[in-house]
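In what follows, every heavy atom counts, from backbone to side chain, and hydrogens, waters and symmetry copies are set aside. Atoms within a ligand are numbered from 1 in the order they appear, just like the ligands themselves.
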Amino acid sequence: MKCYLTYLIGLTLLFINIINAKGIKVPPKEEEEPINTNDKFYLIYINNPYGEYKIYSDENIQKREESQVFVENLVDEIQSLINKNINTYKNPEKLIEIKEEVSSTLKTRKRDLKNLNDYGLVYPISSVKDKVVLYAYLSDELSKKINKDIENIYGIFPNKASTSLQYVPYNKEEILAETGWKDLKVRENTDFHLSLISQGKYNRRLGKKYDNNYYYPSSSGKDINLVILDSSFNFNYTEFSNTHERTIKCAANVENGFASTEKIDYYCGKVTRLYHGETVSDVAAGLLHGTANLANVYGVSMAVNNEGEINDSDILAGIQFIYENLIEPHKTVINLSMSGITYEQSEFYHQYGKIIDAITEKGGIVVAAAGNSGYNLGNGGYGGYGGSYYSYPCQFKNVICIGGIDNEDEKNKYNIYVSHEDSNYGDGVDFYAPFLVKSDIMIEGKKTRILHQGTSFSSPIVAGMIATIMSEHPEIQFTKNKIYEILKENGQGLEVSHLYYQGRKGIMANNGKRIIYSDEEEEEEKKE
Ligand SMILES: *[C@@H]1O[C@H](CO)[C@@H](O)[C@H](O)[C@H]1NC(C)=O
Ligand SMILES: *[C@@H]1O[C@H](CO)[C@@H](O)[C@H](O)[C@H]1NC(C)=O
Ligand SMILES: *[C@@H]1O[C@H](CO)[C@@H](O)[C@H](O)[C@H]1NC(C)=O
């Protein structure tokens, strides 16, 4: 019996552009503050019959033109109005403070400096063609007076902030209150596979603002060990460069039924065209693409051929090595990179299940991929085969089994909370995570952006997520059951449906942050 790495389409050397559909942020309608109740800054809009006045050019190279004279006279006029009406200000002392601040801002301004030093409470800020705008600090009364008395004025308005930077306006306090995290980290505008697991269910539509941030606890898997049994690894590049904060290494290389610890450090296993372990480790724990970028990483490589097959002997040897050497109780998440199908419960199957049980008893938490056959993993069997087929290790009772949702961008604009047609599904699947991931891995010495898909990648996303949950609470002795309960709780209302079988419902994996800062459906309808 052979096992297969659960990859889907090999490697696609493709750069996927996540659609960054951020709309314009409409600032919330301000409480209409009764205008002119207090002293404040105003923008005074004036028609300038003499045409454009250069605000930033040097006096020495610009002859005094009519326009300049006009603007300077205007400034003089308003300043003298200010001087005459100091008693109308609610807080006249503030004028001195403002003058000081303004003159220090204007110090580098070559022209008009003399003039403006004298005043400082009114000066031009913009002029184009026949329009000029002055900026002035005025009392209510004075603003009304100026509006009435100054010739050519066509508007006077309190200064306000009507423009804002285009970012998703998340609220840190709100997130900490919901998640109970000690502190928040945000990776802005990052991979789809990351943003999806740190927000609730939304309906994604083209042209709508989607929150591409990944929100996670700042502990980010710190002091939790992620053990990855897979094909091959390379940890010597940027995704794993934060070795001052965590341990990252190859723990063993398995061949001929034996796990050897000779001659391994940042590299192990024979590199295959699948680049499977490389991608899996990046998605679990890479600096940019991983869910837990402070978790310790221990790679255990196994002999894999180009079809992704692994001998039973190496699976047992690898998992045995992990059991004996790598389980720090309640601090270890093991991600198993293979899935196999059997119709009889063979001795291999029993032995495999027993080691997993022993690992669980020791306090390790095992996560595995559901597999990519598109089968119904029912109660101990594949639906289409009379219930007599088993998928391992996913269906072992002590394994958290992860399927994939169809998060392919273009295809699923309307609902991505559907299991991918190639992902196994059904009662045997515990949770779902993105099927499609983006990663940076080393290929022939060059860092290369790849898109990979398969439940192989859904599984490490969740393995990393579990590490972040555990790192937040060093005081809790996490067990498989406890983690299962937490993920179930986090997944409330995050239902995953099946493309064809209405009754087949699953649960989306979520790290606890479910507030949605993406645009929601109602807004779309309002617009339509
Ligand atoms: C890591 O890669 C660099 C080149 O990028 C190389 O010089 C260095 O020797 C490598 N480190 C190890 C431990 O192999
Ligand atoms: C499985 O074992 C056989 C016999 O030792 C070996 O020839 C073969 O290459 C191994 N297959 C893999 C995928 O390692
Ligand atoms: C996680 O397990 C899946 C399948 O069970 C595997 O394909 C993948 O390589 C593993 N990832 C890690 C991080 O071990």
(message) With nothing but distance in play, are any N or O atoms of Asn311 less than 3.5 Å from an N or O of ligand 2?
(response)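 Right, the criterion is met.
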
Within the structure, does at least one protein heavy atom fall under 4.0 Å of [atom]?
atom	result
atom 14 (O) of ligand 1	yes
atom 9 (O) of ligand 1	no
atom 4 (C) of ligand 1	no

(request) If the plane angle is over 60° it's perpendicular, under 30° parallel, otherwise tilted; pick one for His193 and His289. (result)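 Rings of His193 and His289: tilted, as their planes differ by 30° to 60°.
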
(message) Would you call the rings of Tyr210 and Phe192 parallel, tilted or perpendicular, taking 30° and 60° as the class edges?
(response)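 Correct class here is perpendicular.
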
(message) I need the Met470 CE to His330 NE2 distance, nearest 0.5 Å.
(response)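 One gets 8.5 Å once the value is rounded to the nearest 0.5 Å.
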
(request) Could you list the atoms of ligand 1 found under 4.0 angstrom from a heavy atom of Tyr266? (result)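 With Tyr266 as reference, the close atoms of ligand 1 come out as 13 (C).
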
(message) Using a 3.5 Å cut-off on N or O atoms only, is Asn236 in polar contact with ligand 1?
(response)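 Between Asn236 and ligand 1 (N or O atoms, distance only) the closest approach is under 3.5 Å.
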
(message) Please confirm whether Tyr267 approaches ligand 1 to less than 4.0 Å, judged on its heavy atoms.
(response)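 It does; at least one heavy atom falls under 4.0 Å.
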
(message) If the cut-off is 4.0 Å to any non-hydrogen atom of Glu309, which atoms of ligand 2 fall inside it?
(response)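 Listed by number with element, the hits are 13 (C).
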
(request) State, with a plain yes or no, whether a side-chain heavy atom of Thr291 is found less than 4.5 Å away from one of Val283. (result)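 The answer is no; the side chains never approach within 4.5 Å.
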
(message) Before we go on, tell me: are the rings of Phe235 and Phe240 under 6.0 Å apart, centre to centre?
(response)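 That pair passes the under 6.0 Å test.
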
(message) So that I can tick it off, tell me whether Asp357 and Lys397 are bridged by a salt bridge, with the cut-off set at under 4.0 angstrom between side-chain N and carboxylate O.
(response)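 So Lys397 pairs with Asp357 through a salt bridge.
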
